[in-house]
Amino acid sequence: MRNLILILGDQLDARSAALEGFDAKLDAVWMAEVKHESTKVWSTQPRIAVFLAAMRHFRDELRARGFTVHYRQLGGPGGETFAEQLRSAISALKPKKLFMVEAGEWSVAREIEAVAAETALPLEIREDTHFLCTRESFQKHAEGRKQLRMEFFYREMRQHADVLMEKGKPLGGQWNYDHDNRESFGKSGPGLRIPPRRFLPDDLTRGVIADVRTHFAKHPGSLDEFDWPVTAAEAREALDDFITHRLAEFGRYQDAMWTHEPWLYHSRLSAAMNLKLLDPREVISAAEKAYHAGKAPIESVEGFIRQILGWREYVRGIYWHFMPDYIEKNAMQATQQLPDFYWTGETDMQCLRDAIGQTLRHGYAHHIQRLMVTGLFALLYGVHPRRVHEWYLAVYVDAIEWVELPNTLGMSQYGDGGIMASKPYVASGKYIQRMSNYCAGCRYDPAQSTGPRACPFTTLYWDYLLQHEPALRQNQRMSMQLKNLARLTPADREKIHAQAAVCRSSCGKKS
Ligand SMILES: Cc1cc2nc3c(=O)[nH]c(=O)nc-3n(C[C@H](O)[C@H](O)[C@H](O)COP(=O)(O)OP(=O)(O)OC[C@H]3O[C@@H](n4cnc5c(N)ncnc54)[C@H](O)[C@@H]3O)c2cc1C
Ligand code: SF4
């Protein structure tokens with residue numbers, strides 16, 4: 001054999017740069033399902049199933065296109081790590097060279113490089129053309145800047161990719177419509193909507209579900225409602241469905257939450273994009289076309305495109321720019337373990353019960369649930385950012401380290417001390433009350449910081465500000481919050497400290 005093309009579970013791109021120059025007579029593709037990838041963080045069943053279902057469909061599509069694919073399925077012979085499987089494949093197939101595109105995780109890249117070095121095989125790593133910004137371009141963007149901010153990166157990307165631009169200026173006259181995009185649903189709730197298109201498991205996916213139930217029986221989460229797109233064709237249908245039925249209201253209700261409503265106006269496209277079933281250019285272009293066709297307002301279209309052309313590309317840049325040190329960062333010196341209820345959803349706190357419940361059921365929560373419910377609580381509680389990272393990487397169907405880590409450790413936990421976010425995203429329970437109906441069904445009261453009905457978010461919010469006051473004083477953007485803190489009397493502060501200590505030892509335990 002001449003070349004062995006390595007395709008990892010998040011590289012299911014039919015136009016992958018790794019396949020360029022493939023000669024069916026001389027070359028072959030290698031893919032492997034290994035348990036280690038689902039146990040190094042204790043992955044939920046939905047997350048495992050999405051990866052494996054998409055991989056098996058991709059394998060069959062490649063074979064149908066004439067590629068020889070050596071595929072190791074769960075339960076097959078040999079070890080349960082990439083390194084062990086790759087060594088066996090190399091010794092059986094005896095390729096002269098290995099090819100792949102850039103991996104999505106720093107340690108996986110090192111693992112594969114180590115096997116190539118040990119077997120003395122050249123390994124050619126090609127740029128991942130799925131992304132609009134190369135790692136090298138991001139380095140150039142970052143060079144010489146004292147501070148990195150997504151907004152500046154995003155404006156460069158808009159210009160560079162010529163997206164939502166008109167004669168060199170942003171379409172509509174503004175780069176950013178965020179201030180129009182922060183509505184909640186009000187008392188009447190989100191109302192009737194067309195539910196998102198579901199993709200019920202075909203025979204191949206049903207086989208995956210059975211395998212996950214057998215091999216990962218003790219892993220959290222449920223597969224009863226599994227309906228994720230797992231092929232490129234399904235991903236395109238999901239995109240069409242979002243553009244037709246939800247994009248128009250996406251911006252307005254982007255931050256809103258509602259009990260038992262996991263999807264609202266979100267796209268559900270992150271897993272399909274991160275597995276590379278769907279090209280971000282296609283997604284951006286579909287949203288832009290909807291605007292020009294008068295089907296969605298600029299606030300929604302710009303808000304949606306910013307997530308993909310801005311945030312998604314930006315976090316990837318941050319990850320590769322700051323790894324491997326980034327994962328070790330703990331700027332606020334948080335030390336607590338993650339409360340157990342993160343793995344069960346069993347807590348009296350209605351907001352956390354809902355967000356974690358749907359996470360375990362679907363492997364999904366939308367951005368504000370991740371940032372301002374599960375992430376906020378972990379931050380205020382003082383959980384070590386590494387533990388928070390391990391949870392996020394384990395539970396979501398779209399979780400791959402390049403995108404998950406900067407969002408978790410940086411944006412949500414402020415563990416990087418301000419690389420991702422200009423200030424910690426901290427708020428009391430009143431934020432959750434404003435953006436959802438969770439508090440109406442909760443035994444706690446978001447307005448109270450002490451006493452039997454005190455909302456744990458509110459207690460821990462004040463305690464967080466008290467604990468970190470000296471460090472936060474250095475940050476201009478925290479001045480409003482610290483001004484409010486200054487109004488607390490010494491007696492109030494004492495009571496909050498005491499209640500926060502009780503909360504850390506008992507809150508989360510169901511009454
Ligand atoms: C603590 C935390 C952890 C996160 N972990 C992940 C993760 O592991 N994988 C992941 O893809 N996203 C992650 N995000 C970002 C975001 O929450 C998800 O992309 C989004 O909720 C996916 O749902 P959706 O496809 O319906 O997105 P929509 O709300 O419809 O947004 C559209 C698309 O924009 C992109 N996007 C939006 N926000 C971000 C962001 N902050 N960073 C990168 N891309 C973004 C996604 O590709 C998404 O599909 C995380 C956010 C937080 C706060
Ligand atoms: S009262 Fe506090 S714990 Fe209960 S739902 Fe509201 S924010 Fe969450």
Side-chain angles (χ1 to χ4, degrees), residues 10 47 104 150 196 238-239 242 246-247 250-251 253-255 257 259 262-275 278 280 283-284 287 303-316 318-319 347-355 363-379 385 388-389 391-413 420-421 425 427-448 453-461 507-508:
D10 63 340
R47 178 174 187 255
M150 199 293 285
L239 170 62
F242 167 70
R246 300 193 297 287
L247 172 65
F250 172 87
Y253 296 123
Q254 206 176 337
D255 289 2
M257 301 176 276
T259 309
W263 321 116
L264 295 166
Y265 291 97
H266 292 272
S267 69
R268 291 182 15 125
L269 293 174
S270 49
M273 270 193 281
N274 295 350
L275 298 176
L278 192 57
V283 180
I284 292 167
F304 179 69
I305 288 179
R306 176 148 32 90
Q307 307 309 318
I308 295 164
L309 186 62
W311 281 112
R312 187 168 183 267
E313 298 284 333
Y314 183 71
V315 298
R316 178 170 182 261
I318 294 280
Y319 179 80
T347 164
D348 283 345
M349 291 178 272
Q350 168 67 13
C351 53
L352 282 161
R353 189 164 67 231
D354 193 66
Y364 179 88
H366 73 67
H367 188 68
I368 293 301
Q369 293 175 305
R370 297 188 203 195
L371 185 65
M372 298 308 285
V373 179
T374 42
L376 176 61
F377 190 80
L379 172 67
V388 189
H389 150 65
W391 184 77
Y392 276 95
L393 188 60
V395 297
Y396 290 111
V397 291
D398 54 29
I400 298 165
E401 202 171 89
W402 65 264
V403 53
E404 175 278 328
L405 185 70
N407 270 301
T408 303
L409 186 141
M411 188 189 298
S412 119
Q413 301 300 298
M420 272 288 286
Y425 279 98
S428 73
K430 283 190 183 165
Y431 172 85
I432 295 172
Q433 183 183 39
R434 195 164 63 247
M435 297 311 299
S436 74
N437 67 339
Y438 290 143
C439 304
C442 185
R443 82 171 177 90
Y444 299 111
D445 176 354
Q448 297 187 35
R453 291 200 58 226
C455 161
F457 280 82
T458 305
T459 309
L460 293 172
Y461 165 73
C507 81

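Both counts, for ligands and for their atoms, begin at 1 and track the order of listing.
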* atom 34 (O) of ligand 1: which protein heavy atom is closest, and how many Å away? -> Q307 CB, 3.0 Å

* To do: Taking the side chain as every heavy atom from C-beta outward, state whether W311 and N407 have any pair of such atoms under 4.5 Å apart.
  => no

* Asked: If we only count heavy atoms from C-beta on, is the C455 to Y461 side-chain gap below 4.5 Å?
  -> no

* To do: Using distance alone, determine whether H266 and ligand 1 share an N or O pair under 3.5 Å.
  => yes

* Asked: Polar-atom distance check: S267 versus ligand 1, any N or O pair below 3.5 Å?
  -> yes

* 4.5 Å side-chain heavy-atom contact, Y396 and E404 -> no

* To do: Would you mind reporting whether M150 and M411 have side-chain heavy atoms less than 4.5 Å apart?
  => no

* Indicate yes or no: does an N/O atom of R268 lie under 3.5 Å from an N/O atom of ligand 1? => yes

* To do: Under 4.0 Å, heavy atoms only, figure out whether ligand 1 is touched by the backbone of L393, its side chain, both or neither.
  => neither

* Asked: Does ligand 1 have any atom sitting under 4.0 Å from a heavy atom of P280?
  -> no

* To do: Report the part of H366 (side chain from C-beta onward, or backbone N, CA, C, O) that has a heavy atom under 4.0 Å from ligand 1; answer both or neither where that applies.
  => backbone

* Asked: Relative to atom 19 (O) of ligand 1, which among S270, G310, P262 owns the nearest non-hydrogen atom?
  -> S270

* Asked: Hey, which of Q369, R353, Q433, M349 is the one that makes side chain to side chain contact (heavy atoms under 4.5 Å, CB included) with Y438?
  -> Q369

* To do: Would you mind reporting whether N274 and R312 have side-chain heavy atoms less than 4.5 Å apart?
  => yes

* To do: Under 4.0 Å from a heavy atom of G429: give me the atoms of ligand 2 that qualify, with their elements.
  => 7 (S)

* Could you tell me whether a side-chain N or O of Q413 sits under 3.5 Å from a main-chain N or O of G375, the two making a donor and an acceptor? => yes

* **Location of contacts on A271 toward ligand 1, heavy atoms closer than 4.0 Å** => neither

* Asked: Ignoring hydrogens and geometry, is there a side-chain-to-backbone donor-acceptor pair from R47 to A399 under 3.5 Å?
  -> yes

* Which heavy atom of the protein is the closest neighbour of atom 7 (C) of ligand 1, given with residue, atom name and distance? -> D398 OD1, 3.3 Å

* Which heavy atom of the protein is the closest neighbour of atom 20 (C) of ligand 1, given with residue, atom name and distance? -> R370 NH2, 4.1 Å

* **Spacing of D10 atom CG and E401 atom CD [to the nearest 0.5 Å]** => 11.0 Å

* Asked: Hey, is there an N, O or S on C455 sitting under 2.8 Å from atom 2 (Fe) of ligand 2?
  -> yes

* Asked: With backbone taken as N, CA, C and O and side chain as the heavy atoms from C-beta onward, which portion of M273 lies under 4.0 Å from ligand 1: side chain, backbone, both, or neither?
  -> side chain

* Taking the six-membered ring for Trp, are F250 and F304 parallel (under 30°), tilted (30 to 60°) or perpendicular (over 60°)? -> perpendicular

* **Residue, atom name and distance, where the atom is the protein heavy atom closest to atom 12 (N) of ligand 1** => V403 CG2, 3.7 Å

* Proximal atoms of ligand 1 relative to A365 (non-hydrogen, under 4.0 Å) -> 21 (O)

* To do: Please verify whether a non-hydrogen atom of F242 lies at under 4.0 Å from ligand 1.
  => no

* Asked: What is the closest protein heavy atom to atom 39 (C) of ligand 1, and at what distance does it sit?
  -> W311 CB, 4.0 Å

* For C442 and D348, which heavy atoms make the closest approach, and how far apart are they? -> SG-O, 3.8 Å

* To do: Say whether Y396 and ligand 1 are in contact under the criterion: heavy-atom distance to a ligand atom below 4.0 Å.
  => no

* **Protein heavy-atom partner closest to atom 1 (S) of ligand 2 - residue, atom, separation in Å** => Y444 O, 3.5 Å

* Does any N or O atom in Y364 lie less than 3.5 angstrom from one in ligand 1, N or O only? -> yes

* Asked: Is the distance between atom 6 (Fe) of ligand 2 and the nearest N/O/S atom of C439 smaller than 2.8 Å?
  -> yes

* To do: Check ligand 2 against Y438 and write out every atom of the ligand that is under 4.0 Å from a heavy-atom position of the residue.
  => 5 (S)

* Asked: Counting heavy atoms only, which part of W263 comes closer than 4.0 Å to ligand 1: side chain, backbone, both or neither?
  -> neither

* In terms of residue, atom name and distance, what is the protein heavy atom nearest to atom 5 (S) of ligand 2? -> C351 N, 3.5 Å

* Structure fact -> Taking only non-hydrogen atoms of A399 and a 4.0 Å limit, the atoms of ligand 1 in range are 8 (O)

* Asked: Any side-chain heavy atom of F457 sitting closer than 4.5 Å to one from I432?
  -> yes

* Structure fact -> Note: G104 and I400 closest approach over all heavy atoms is O-CG2, 3.8 Å

* Considering all heavy atoms, the nearest M435-D255 contact -> CE-O, 3.5 Å

* Asked: C442 heavy atoms, cut-off 4.0 Å: which ligand 2 atoms fall inside?
  -> 1 (S), 3 (S), 4 (Fe), 5 (S)

* **F250: numbered ligand 1 atoms lying under 4.0 Å from its heavy atoms** => 28 (P), 29 (O), 30 (O)

* Structure fact -> One finds that the ligand 1 atoms under 4.0 Å from a non-hydrogen atom of N407 are 1 (C), 2 (C), 3 (C), 4 (C), 13 (C), 14 (N), 15 (C), 40 (C), 41 (N), 42 (N), 43 (C), 50 (C), 51 (C), 52 (C)

* Asked: For the side chain of R246 and the backbone of H266, is there at least one donor-acceptor N/O pair under 3.5 Å apart?
  -> yes

* Backbone or side chain, does any N or O of M411 fall under 3.5 Å from an N or O of ligand 1? -> no

* Asked: Among R312, H367, E313, which one has a heavy atom closest to atom 15 (C) of ligand 1?
  -> H367

* Ion pair present between D398 and R370, side-chain N to carboxylate O less than 4.0 angstrom? -> yes

* For I308 and M273, run side-chain contact (heavy atoms from CB on, under 4.5 Å): C-alpha distance rounded to whole Å, both residues' side-chain angles, the deciding distance at 0.1 Å, then the answer. => CA-CA 10 Å; I308 295 164; M273 270 193 281; 3.9 Å; yes

* Does the side chain of V373 reach to within under 4.5 Å of the side chain of L352, using non-hydrogen atoms? -> yes

* Asked: By number and element, which atoms of ligand 1 are closer than 4.0 Å to a non-hydrogen atom of F304?
  -> 32 (C)

* **Numbered atoms and elements of ligand 1 in range of N274, under 4.0 angstrom, heavy atoms** => 9 (N), 10 (C), 11 (O)

* Side chains of T374 and Y392: donor-acceptor distance under 3.5 Å anywhere? -> yes

* Quick check: does any side chain N or O of T458 sit under 3.5 Å from a backbone N or O of S428, one acting as donor and the other as acceptor? -> no

* To do: Any atoms of ligand 1 less than 4.0 Å from a non-hydrogen atom of L371? List them with their elements.
  => 53 (C)

* Asked: Which of the numbered atoms in ligand 2 are below 4.0 angstrom from a heavy atom of P446?
  -> 1 (S)

* Structure fact -> To atom 33 (C) of ligand 1, the nearest of D255, I308, L269 on a heavy-atom basis is I308

